[in-house]
Amino acid sequence: MPDPLELLDVAKAAAAAGAAVLSGRNSATLDVSNKGEAGDWVTAFDLAAENAVRDVIAAARPRDTITGEENGTTLPEDPSGCRWSIDPLDGTTNFIRNIVYYATSVAVVDSDGAWLAGVVNAPALGRVYYAARGHGAWLEQQGNLTRLSGPVTGRTGQILATGFSYDPDVRAEQALLLGGLMDGFADVRRLGSAALDLCMVADGTHDAFGERGLNEHDFSAGALIAEEAGCWVRRPRLTSPLDGGPSDDERLAAWTCAGSIEFSGRFPLD
């Protein structure tokens, strides 16, 4: 197995390159367009950030496969077996509206499906979350480094984080389920970035996160960070991007979940 710490160094540099692009946000140069569903936006910054991430990975590890939200799959002639999953701008709508919850997410998985390293770099928050398999989860913020250990089990006023589909029919179904999911929670948060929601379970801000309909690049880094923080994590079983990725029906039926172990039975099964 490749050294997760070596891969983490590459992931941190790549995510930093993407986040640096996002830090140059300028409302006059967003160049916003829609990817098909109302609310599913892409900007010039998504594209530039993904290119910056890819450049770092390709320079450091030219034999690795890269799959990204905007530019699809780059498959080298002699693949190493490692594959990078990139979301250059998770929280694009927030970014467009100048809401601070957005980030560049970078993670790497081996040929056996084990996630080895992941980074979520949120430039507007000044936070870099990261993890390498077997080495814990960490937060860098304002020059401080904190090891993450997940939410406090059984505390009063527990908060559930979730998200909703752009599709109105799916969103209506999600709204019907919300009352049941909220049982035992004091409140709910919808921040608009699954990557950051998972990281905020890892740092104990949220007590649990559950959302259906995510793509791999949405959860790849955040799920590993939550897992390495000691959280219970359930990733959806989706068709690999190398095999064309999941259908809409497959994706919309699948849940991504994280929290302390007390919540392991609270979410519907895939």
Spatial distance of atom CG (Leu160) from atom CG (Leu178) [nearest 0.5 Å]: 7.0 Å
Euclidean distance, Ser264 OG relative to Arg234 CZ, rounded to 0.5 Å: 9.5 Å
Determine whether [X] and [Y] make a side-chain contact, defined as any pair of heavy atoms from C-beta on separated by less than 4.5 Å.
X	Y	answer
Leu7	Arg61	yes
Tyr129	Leu148	yes
Leu198	Ile225	no
Thr153	Ile261	no
Asp64	Pro76	no
Trp232	Cys257	yes
Thr146	Gln141	no
Pro151	Gln158	no

Asn51 versus Asn71, side-chain donor and acceptor atoms under 3.5 Å: yes
Thr256 and Asp218 side chains, donor-acceptor separation under 3.5 Å: no
Is there a donor-acceptor pair under 3.5 Å between the side chain of [X] and the backbone N or O of [Y]?
X	Y	value
Ser149	Ala229	no
Thr65	Leu75	no
Glu70	Pro88	no
Asp203	Thr205	yes
Arg127	Leu139	no
Asp112	Ala114	no
Arg212	Ala254	no
Arg63	Asp78	yes

Residue Arg97 excluded, over 12 heavy atoms near CZ under 6.0 Å: no
Consider only side-chain heavy atoms of I, L, V, M, F, W and Y, link residues closer than 4.5 Å, and tell whether [X] and [Y] are in one cluster.
X	Y	answer
Val21	Tyr102	yes
Tyr101	Val120	yes
Val201	Leu196	no
Phe263	Met182	yes

Salt bridge (charged side-chain N to carboxylate O under 4.0 Å, His left out) assessment of Asp9 paired with Lys12: CA-CA 5 Å; Asp9 287 340; Lys12 290 171 76 173; 5.4 Å; no
Parallel, tilted or perpendicular: ring planes of Trp255 versus Phe267, cut at 30 and 60 degrees: tilted
Within 45° cone of Phe95 ring axis and under 6.0 Å: Arg25 NZ or CZ: yes
side-chain hydrogen bond (donor to acceptor under 3.5 Å, both in side chains) contacts touching residues 179-199 (sequence neighbours left out): Asp90-Ser193, Asp187-Arg189, Asp197-His206
